[in-house]
Every structure is written in C-alpha cells, then in structure tokens.
Amino acid sequence: MSAHCCIHWAAAISLKSREDAEILIQNPMSKLIKLSICARTPHHRIDKANLFSQYSGFLNTGNVRIWNSEHVMAYWAAIKNPELFRGKSVLELGSGMTGLAGLAIASAAHPASVHVTDGNPSSVASLKSNIARNLNSFAPSVVVSAEQLLWGEKSSPLVDVIVGGDCTFDTNAHEPLIDTIIACLNASGVAYLFCPRRGNSLLQFYQLCHGKSDGLLQVQWIENYDDDVWAIHAEQLELTNSDPSIYNADKEYPIMIKISRLPTA
C-alpha cells in the first residue's frame with residue numbers, strides 16, 4: 001500500500017518504493033499534473049566508504065533530495081503560468097535527479113521543447129529514465145531531452161526560457177551560472193530562477209548579475225510572485241512564532257530572480 005505525505009508547496013508524493021514516487025502537483029482549482037518519478041539515482045546502493053564522495057559537493061546536491069524550490073518552480077510554471085512556456089524552447093539548469101519542474105512544464109504547458117540538464121552524469125542518467133517513464137504525459141509535438149551541461153564550460157543551443165531551482169547556494173558557481181544563462185538565452189529570452197536566500201549567497205548572485213549585465217539585461221528580485229505560494233509562506237512564518245524549527249525561510253522559501261534581455265537599438 002502506498003504511503004502519502006504532503007510537502008509545503010502544493011504537491012503530494014505517493015511513494016511506491018524506495019526508488020519510485022508518483023508526484024501530483026495541484027492548484028486550488030483542481031488542475032492536476034501527475035508524473036512518475038525515479039527519486040534516486042541508478043547508483044543509490046552505497047556504503048559508508050563512498051557515501052561522502054557520491055553525495056557531496058556542488059554537482060551532487062541534486063542527488064540528495066527534491067528541494068522545495070523545485071516544487072515551487074514546477075507549481076508556478078506548469079500550473080499557474082503555463083502561457084509563459086507555450087510554444088517556447090525551455091532549458092532547465094541544475095535539474096538534479098528528477099527534473100521535476102522541466103517535466104511538469106513539458107506535461108502541462110505545451111512548450112515546443114524542454115531540455116533538462118545537470119552537471120552530474122548520474123543525475124543525467126536518472127533524468128533520461130524519468131523522461132522515458134513519462135512519455136505518455138507529453139504531447140507528441142513536445143521534444144523532451146536530457147543532457148550533461150557544465151556551467152561556463154559548454155553551452156546549450158539558444159532558448160526562449162531558462163528555469164532553475166536552488167542553484168545559487170555555491171558562490172563559486174555564480175559566475176559560470178550567469179555566463180551560461182547569458183550564452184543560452186536568445187534575443188528575447190527570459191530566465192526564471194527560484195532560489196532561497198541561503199545567507200548572503202542569493203544576494204551576491206543578484207549583485208553579480210547586475211555587474212555583468214552591461215546594460216543589456218534586466219535583473220529583478222521578486223519575493224511575492226504568486227498569491228498562493230506567498231500565503232503558504234506567511235502561514236509557515238506564523239507557525240515559527242511557537243516553534244522556530246518548523247520552517248526556515250532562509251533555506252526553504254525561494255525568491256524569484258528574473259533575468260531578461262533588454263531590447264537593442
């Protein structure tokens with residue numbers, strides 16, 4: 001019998017086994033997205049000797065868990081704002097082991113294509129598996145693919161929209177990340193990053209984006225981008241008055257960083 005648990009951000013997970021999960025994303029109007037997700041990488045059976053090497057470091061954080069930012073991004077994009085992705089080419093950066101947001105967009109927003117990427121080869125293998133598991137959820141015209149993408153070292157073809165969740169926590173990766181975004185956005189492209197503050201890390205990334213824009217990019221910091229998500233955030237903050245351990249907004253509430261190209265003369 002499946003076990004069920006609720007997460008903060010308007011999604012539910014039905015655990016079929018240690019490796020498999022059925023993820024449901026739903027809004028108050030009962031619009032539903034259902035995806036079958038492999039929630040672990042193919043090499044999850046590890047011992048203490050190689051635990052640290054397999055699941056630590058910047059390229060391995062997507063193998064640890066599905067972060068809150070990914071749930072929020074999937075909900076905001078596929079349920080609340082599908083029109084922003086309709087007919088567009090979409091690139092997800094740092095998709096981790098599931099590519100939840102990218103696959104939700106592919107399933108519900110009717111994009112032209114969705115390309116989910118990660119720097120970790122094990123994550124990419126899991127992404128390809130998850131695409132195969134959900135082929136029936138995608139319209140035949142939607143091209144869905146997965147590939148390894150190392151920020152700053154390799155670029156994807158130009159795309160209309162870039163999404164990324166909780167991808168600014170490592171300050172050493174900030175410059176390669178913004179360089180990749182600039183390299184991959186087409187002339188009218190927009191990037192939506194959903195990242196918690198994590199101390200000063202997000203602010204440093206935001207300031208770097210402004211520094212590298214050279215007047216060619218518009219960079220926006222948006223805290224309230226959806227009334228439903230904001231209400232849940234406020235409720236969680238209220239609960240921390242009696243128990244601070246319930247919710248850590250610094251690590252759990254994603255702020256949207258919107259990056260778009262400015263029209264050229």
Side-chain angles (χ1 to χ4, degrees), residues 69-70 72-95 99-119 124 127 131 138-168 173-195 202-223 225-226 254-265:
S69 296
E70 186 82 4
V72 174
M73 185 165 64
Y75 177 74
W76 178 87
I79 289 287
K80 301 300 288 291
N81 296 279
E83 70 281 356
L84 297 177
F85 304 88
R86 191 165 295 125
K88 303 292 182 65
S89 54
V90 181
L91 169 66
E92 183 179 8
L93 300 176
S95 302
L100 175 60
L103 298 190
I105 292 168
S107 174
H110 304 289
S113 63
V114 174
H115 194 46
V116 291
T117 65
D118 200 86
V124 174
L127 291 171
I131 290 171
F138 312 138
S141 61
V142 180
V143 178
V144 187
S145 59
E147 185 181 29
Q148 184 181 29
L149 178 60
L150 298 174
W151 301 345
E153 296 184 18
K154 176 184 175 184
S155 64
S156 165
L158 294 179
V159 297
D160 300 309
V161 186
I162 293 174
V163 295
D166 208 345
C167 52
T168 62
H174 284 177
E175 191 153 0
L177 174 57
I178 186 57
D179 287 346
T180 298
I181 291 171
I182 292 172
C184 294
L185 275 182
N186 66 22
S188 58
V190 182
Y192 301 99
L193 306 182
F194 288 77
C195 306
L202 183 60
L203 179 60
Q204 290 179 38
F205 175 77
Y206 176 72
Q207 293 170 335
L208 177 65
C209 289
H210 276 286
K212 293 181 73 70
S213 69
D214 292 327
L216 301 176
L217 299 175
Q218 181 182 41
V219 184
Q220 297 172 265
W221 175 292
I222 306 172
E223 297 193 22
Y225 41 82
D226 180 86
I255 292 165
M256 179 198 288
I257 302 296
K258 180 180 177 182
I259 303 170
S260 52
R261 290 197 184 276
L262 294 172
T264 55

Going from [atom1] on [X] to [atom2] on [Y], what distance comes out if it is rounded to the nearest 0.5 angstrom?
| X | Y | atom1 | atom2 | answer |
| --- | --- | --- | --- | --- |
| S188 | L158 | OG | CG | 10.5 Å |
| N186 | R261 | CG | CZ | 7.5 Å |
| E83 | K88 | CD | NZ | 9.5 Å |
| S260 | L216 | OG | CG | 11.5 Å |
| L217 | I182 | CG | CD1 | 5.0 Å |
| T168 | I257 | OG1 | CD1 | 7.5 Å |

Looking at every heavy atom in both [X] and [Y], which two are closest together, and how far apart are they?
| X | Y | result |
| --- | --- | --- |
| V72 | F194 | CG1-CD2, 4.2 Å |
| P254 | Y225 | O-OH, 2.6 Å |
| A101 | E92 | CB-OE2, 3.9 Å |
| I181 | A191 | CG2-CB, 3.9 Å |

Going by the rule side chain to side chain donor-acceptor pair (under 3.5 Å), which residues pair with [X] if we only count those two or more places apart in sequence or in a different chain?
| X | value |
| --- | --- |
| Y206 | H210 |
| S89 | D160 |
| S145 | H115 |
| H174 | S201 |

- Message: Test: salt bridge (charged side-chain N to carboxylate O under 4.0 Å, His left out). Region: residues 105-114. Which pairs qualify, not counting sequence neighbours?
- Response: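 Residue pairs with at least one partner in residues 105-114: there are none.
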- salt bridge (charged side-chain N to carboxylate O under 4.0 Å, His left out) pairs, two or more places apart, involving residues 174-192: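 Every pair satisfying salt bridge (charged side-chain N to carboxylate O under 4.0 Å, His left out) with a residue in residues 174-192: E175-K212, D179-K212.
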- Message: I'd like to know if the side chain of S107 and the backbone of L103 have a donor-acceptor N/O pair within less than 3.5 Å.
- Response: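 Judged by distance alone, no pair lies under 3.5 Å.
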- Message: Main chain of G152, side chain of T180: is a donor-acceptor contact present, judged purely on distance under 3.5 Å?
- Response: yes
Could you tell me which residues satisfy side chain to side chain contact (heavy atoms under 4.5 Å, CB included) with [X], sequence neighbours excluded, listed by chain and number?
| X | result |
| --- | --- |
| A139 | S141, V142 |
| V124 | D118, K128, Q148 |
| A109 | P82, F85, I105, P111 |
| L84 | W76, N81, Y192 |

- Item | Working for side chain to side chain contact (heavy atoms under 4.5 Å, CB included), residues E70 and D166 | CA-CA 7 Å; E70 186 82 4; D166 208 345; over 6 Å; no
Could you check if a side-chain atom of [X] sits within less than 4.5 angstrom of a side-chain atom of [Y], using non-hydrogen atoms only?
| X | Y | result |
| --- | --- | --- |
| I178 | I259 | yes |
| K258 | V190 | yes |
| C167 | W151 | yes |

- CA sep, side-chain torsions, deciding dist, call: I131, V116, side chain to side chain contact (heavy atoms under 4.5 Å, CB included): CA-CA 9 Å; I131 290 171; V116 291; 4.0 Å; yes
